Amino acid sequence: MSTIIEMRGISKSFGPVAALSNVDFRLEPGSIHALMGENGAGKSTLMKILAGVLRPTSGEILLAGKPLSLSSPRDGLDAGISVVFQEQSLLANLTVAENMFLGREPRTRWGGIDYPTMRAKTREALAQLDLDFDPDRQVAELGIAERQFLEIAHGIHANARVMILDEPTAALNAADVDVLNRNIRRLASEGCAIVYVSHRLEEIFELCDTVTVLKDGALVGTRPVSEMNTASLIAMMVGRELSDMFPPRADETGAPMLGIEDMVLQPGAAALNLTVNAGEIVALAGLEGQGQSAIARALVGLHVPVSGHIHLKGQTVPLPLPRESGLLKMHAAGLGFVPEDRKEEGLLLNLSVAQNIALGRFAGVPAVAPASGTRAVVQRMMDAMNIKAAGPRARVGSLSGGNQQKVLFGRALAAEMDVLVIEEPTRGVDVGAKAEIYGLLRDFTAAGGAVLVLSREALELIGLADRIYVIHDNAIAGEIAATEATEHKLLDMALSGGKAENA
Amino acid sequence: DDVFIMEGVSPHPELKTTVEAGAFTAEAPWTIGMSHFGVNANTWTVQVSHEARAAAAADERIEELIILDAGFDQAKQVADIEDLIAQGVDALIVMPVTTTSANASIERAIAAGIPVVLHTGRIDSDAFTTEIQGGAEHFGAVMAEWLVEQTGGKGNIWVLRGLAGHPEDTNRYKGAIEAFEGTELTITAEQHGDWQYDQARNLCETLYLSNPDVDGIWSSGADMTRACVDVFKQFGAEIPPITGEGNNGYFGQWIEDGFASISSEYSPAQGAAGIRAATALLGGEPLYKHYVYRPAGWDVERAAEYYRDDLSANVWWPSELPEEKLVEIYGK
Amino acid sequence: MTTVLRAAGRIPPAYLVFAALLAFLMWERPQMMNPNVLGIFLRQVAPLGIVVLAQLLVVRVGSIDLSGGGVILLVNYIISANVLPNAPGIAFVAIALGIGTVVGAFNGYMVARRRVSAVIVTLAVSIILVGFVQYLSSGSPPGDVPDYMNDLFDIRFGPVPAPVLFWVILTTCLAAFLNLTVFGRRIEAIGDNSVAAHFAGVPVERTVILTHTLAGLLIGVAALVQTASIAVGSVREGLDLPILSVAATILGGVVFGRGQGGVWGPFFGVLSFALLFVSMTILGVSEPGRLIAQGLIIFAAAVIYGLRTR
Amino acid sequence: MLPLLVVIGIVTWLSIGTDEFARPGNLSNLLAQAMPLLIASIGQMFVIVVAGLDLSVGSVISFSTAILALDAPGYLTFPALFMLAALIGATNGIAVTRLNVHPIIATLAMQYVVLGVTRLIRPVSGGTVPEFVIASVQGSFLGVPMPVFWAITVLAIGWKVLHASRFGLHLFAIGGGMASGQTSAARNFGVPETRIIISAYVASSLFAALAGVFLAGRIVSGDPNVGMLFELNSITAVALGGTQLSGGVGSLQGTAIGAFLLALLSNGMNLANVSPFIQTVVKGGLLLAVVSFQRRRKMGL
Ligand SMILES: Nc1ncnc2c1ncn2[C@@H]1O[C@H](COP(=O)(O)OP(=O)(O)OP(=O)(O)O)[C@@H](O)[C@H]1O
Ligand SMILES: Nc1ncnc2c1ncn2[C@@H]1O[C@H](COP(=O)(O)OP(=O)(O)OP(=O)(O)O)[C@@H](O)[C@H]1O
Ligand SMILES: [Mg+2]
Ligand SMILES: [Mg+2]
């Protein structure tokens, strides 16, 4: 097979931080090439260089054997290199169609934008991904998974020779991943070279034919996937074997910490009840948009349910909570919330790691209180989670995606809550760090805390949780002990919602 | 004999054009419109509108006086005049913002048969009915001539100007420069204090600290004079001859501190003069087209005659406001 | 080495302008380089300096306050127009601080709770206050400011004029307050991303209202200092002060939602303006030249800074 | 759209309450009074959509009247004026993009410089404006007053550029990225960000120059102060019209209504005989009332 892209001796440093050093990377048309590595290994940086977003400090790129000079994303696009970035990059103020065609809008004879064509082609592109949303909808109105799909559609659409997907599935659930994989295979069969970055190992084995592993900015090696297994891949990435991903479950649980009583999420929906006990990790599973997120958010006033009550450590709080002060109120009562969208809702990207973590300790504290005594906690969190940063003063925005997630998580742990509600505990986190985060969560419950967790990864739910509630149509379709749960069972419950019905 | 316009105002010595008696006669009651260049610019401009109102109130034939405030905005003045014409006023009084901006709309008023009285500001056109002009050049020259006399025509002087770009500032300055011509006075500093106390104070402080060698100060307005005097007092320095303008606060300071000064006269009662000219036109009396207002400068004795300890700093003299009004508005 | 250079790159432009102008004055007018003279120059900008303290607070939470002109005018009017005959000085202080606080709280409420554009609200508030003074002054124009205020303004401690000392103390207090308290951390967080700050447990609305209120209080203080510096009442206050305060704040390295320059950056922004005005006056630069030079100097400083922080 | 309702309310009230308002003469006055602000606001909007601000608008307006009133033939001054305005805008744009200067600082510095230059070439108002400029503003064509044609033209241009061209879409894209803190989002889509932002500042200056031309025709002279406060008034009009100062959201019709509302306030208060001493309060109060009902999602500028 001929090589379409060859990156030779790529190095990149951000000030004192060397993100990449002397990395070689080759791509063949028709192949699906996995790019793996721990958080902060340099995967996104390498791909941004290939896309023309960043310029390498040294090294060269060849396109079909000819040197390629990329000074802006435009150049990348013109060279047929299309990217779905790890960080969502859609423009929320524009419509779906406008986002699809931004930068290459079809034009009318008069030089204006040909909106009818744009809409029609948008529909077509979305239909390929089994999607059907109105091209005139504002992206701001889309959910996170819908946005992710739109990004993918945008990338796929570009008729690219090289397609880079940087953690495209981080916000997708199993069913959506299937749709995506189908399309990726189709693209590959049409001769497109695909780079696939993901921390979900099972996807790599299912989809990819070649894997390149980076570690600390350096190339570890490139191998055919057929020669690898999970253990060897992890060893290659982490440098050691991971014995147990998930820590052991607690033997017994304590008194109820968090209870939801007769919560009606939407007019017409059934009332739902659930409890989370001290020492327990309880998960909410289900297909996208069935109400899991609404339940979690209703607990902090970010979703307005019709009615219901919360019981928190014996205290009863009527729903709905006020939008502005709900989160603070619950925070004061000992319930912390970790949002999924770390960029918009989670992190203060221009502030330091230390400040981001320390903020968790200041919630509910009077404004004039001294802001001190956080140094030790910050250090403890950074050590415990192995956060890779230049130091506590490093800007969070300069961290790799997975390390950002750890900072977000560190803040919640530092705040010393009794109950944590977590939307996606390990979005974009590498295997090693995942194990660390799971361990921390278990430590938290072992100390008497309670956790309510949402995740799109069924395996994570099964491995991590004690009990799982499956949500369907804004109501609880069933409850199952994690030890008895399998991916298949969960999907079945999620699809049917108790009855038989197609999704 | 001639219609009385205002104390100190007389027909132009050369331009003797007249307005025919009865040219604009209208049935009373009248509505008079006045476009003011900037009512709220400073306390002097406020007093002009008070003087106009008082004069209008004193004349039973006037049913209504509509004053619009251009706020130093030429475009707004054009709009104001258009709006006044639209309201069908019987006569129009204009205090122009600039020499050209209002010409077109003034011409439109004349074309609509509305007589236009102009004061406190000239325009570059003949298309008005009658004008009363104080003459900023005269104002500046009176002060400058006095300064030349005080200094013996030799030495260093500072020039404190008003708002940059404002015609009143430019013309006062022009008058002063002409009067300085041929003398041995050197202008060592020339700055714009915008007629404001705080700006002038900062300027005078800086100028004094940078070079205290000054033999006289030409100041284009009263608040700036007070600021500069305060600076010299603050440094315990002798106050050089400094020019001023007829305001009560400044008069008080002048009388108390007894420094060498002169006050140029520029009465806010020009507001009343405009009303009288307009009523004369509407009443069918004959007028001249051009009136001038070129009073001599005041010395401290004259200032003392007018100075009122019981009134606030911001009365400007001479005033035609009736005593009750003065006390009501300016009483301490 | 590179870290030193990077740190140098983050020095707000205000420091550069200040150093350059100071060097220029030393060379051009060495006799003026004594504490007494400099003290007087600093006193000229003390009111601006205090308004800048207010401005940098709200700018750090991504807002802006243009209502300063109106507040200062109203306070000046109340004190000079004899509205309260024979009122003791402390009453004026209370009124000034009261007006500032109420206006600030109102701005904060509108910006934080009602989510109205900060530029427009604070501008509208200023217009209303200016209009209110115009209305009042049509009945009774302002007169003199009580003498004791001028006397206070003229007090000196050694070479340091009282208003300057007061301004420096206020700046120090604010710097300490922002550095040491939870409030300071919250301001930073909101400035960076108010949504994320909310999720991090920051009471966003309350903090923004508090920030505006504090800014209003500071503007009330500035109004007192400004009034004390003017012996007379006024009916017109330009937008100079608010706009200059925004400029000084940004030159000091504090940009909407970001506060690299802290409190002292904008402080030096004001100092550079002081020296800038003084240099122009001393050089006898004409009005047009002054405007052009002022623009070019601000521009040059901002470009140097901009290129280094890119 | 609340401002629109307010406009309709005021118009209705004035038509019933005063005899003069609804006369064609006054309506054409009103249009002429609104026009300079409308033109400047459309320009300002380009910059605000990309999360910038242009404080040099007022100076450029004054500058433009000063150039037109130079003692030189119109066929020289007229094109020269637009070339200089484009240069001013390009400088602003380059400062903001390539030199990384905050828009407020860049355009404030420019405001000073341009005002200084204007004062040099025209210290006080005066001079003569080319006849064709005066005629194009004060005259009428086929019995329709010229300002009507101005309004149609600038609104059509504004509409085409903002809402019906790739350039306009790219403006909104860039602004949307800025508003959400992803400063390079649009760039990653291949939008030539720098070039477009610079063009926005150029457009703002060109529109300001055009507003200056209209004003010069109205006041038939050059004036160094005529543009004063236009920067703030244009920002106010744009924001009143619902455009977010954080970028990415806004509409031309909103801006037009905003500008019209401000002009209507002055005209209406003049006709309704509101005393000049309380006109300012009323204006500020109405502004506050209108804007306080325009809740937005994000707080800030
Ligand atoms: N803009 C930046 N400024 C400074 N450092 C940066 C910047 N972008 C990335 N880095 C650093 O470069 C290194 C590589 O980051 P990169 O985002 O490429 O990691 P990654 O392999 O994609 O990790 P993840 O799996 O967490 O997404 C990290 O140490 C990161 O902190
Ligand atoms: N562990 C750390 N290492 C380096 N910088 C830190 C650390 N923790 C906080 N910082 C940063 O240092 C500055 C001061 O932080 P802060 O005052 O909160 O520390 P602290 O926890 O109070 O320390 P101490 O208890 O010793 O006073 C902040 O800018 C913060 O971001
Ligand atoms: Mg990455
Ligand atoms: Mg500390």
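These figures come from a predicted structure and were not determined experimentally. A, B, ... follow the sequence lines: proteins, then strands. Residue 1 opens every chain.
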Exercise for the section: State, with a plain yes or no, whether a side-chain heavy atom of A/E344 is found less than 4.5 Å away from one of C/V195. Expected result: no
Problem - A/L328 vs C/P203 side-chain heavy atoms within contact, under 4.5 Å - result: yes
Handout entry: Distance-minimising heavy-atom pair for A/A367 and C/T181
Key = O-CB, 3.6 Å
Problem - Exceeds 12 heavy-atom contacts within 6.0 angstrom, atom CZ of A/R395 - result: yes
Practice task
For the pair C/R185 (side chain) and A/F362 (backbone), establish whether a donor and an acceptor sit closer than 3.5 Å, ignoring hydrogens and angles.
Solution key: no
Exercise for the section: Report yes if the side chains of C/H198 and A/V300 come closer than 4.5 Å at any heavy-atom pair, otherwise no. Expected result: no
Practice task
Look only at the side chain of C/N193 and the backbone of A/E345, and say whether a donor-acceptor pair between them is shorter than 3.5 Å.
Solution key: no
Exercise for the section: For residues C/R113 and A/E324, determine if any side-chain heavy atom of one lies less than 4.5 Å from a side-chain heavy atom of the other. Expected result: no
Problem - Set of residues satisfying side chain to side chain donor-acceptor pair (under 3.5 Å) with respect to A/K329, sequence neighbours excluded - result: none
Problem - Heavy-atom donor-acceptor pair, C/D192 side chain to A/N350 backbone, under 3.5 Å - result: yes
Problem - Part of A/L408 within contact of chain C (heavy atom distance under 4.5 Å) - result: neither
Handout entry: side chain to side chain donor-acceptor pair (under 3.5 Å) against A/D216, all qualifying residues, sequence neighbours excluded
Key = none
Handout entry: Heavy-atom closest pair, residues A/L347 and C/A196
Key = O-CB, 3.5 Å
Problem - C/A200 to A/A363 - nearest heavy-atom pair and separation - result: O-CB, 4.4 Å
Exercise for the section: Apply side chain to side chain contact (heavy atoms under 4.5 Å, CB included) to the pair C/F199 and A/L327, showing each step before the final yes or no. Expected result: CA-CA 7 Å; C/F199 278 90; A/L327 195 136; 4.0 Å; yes
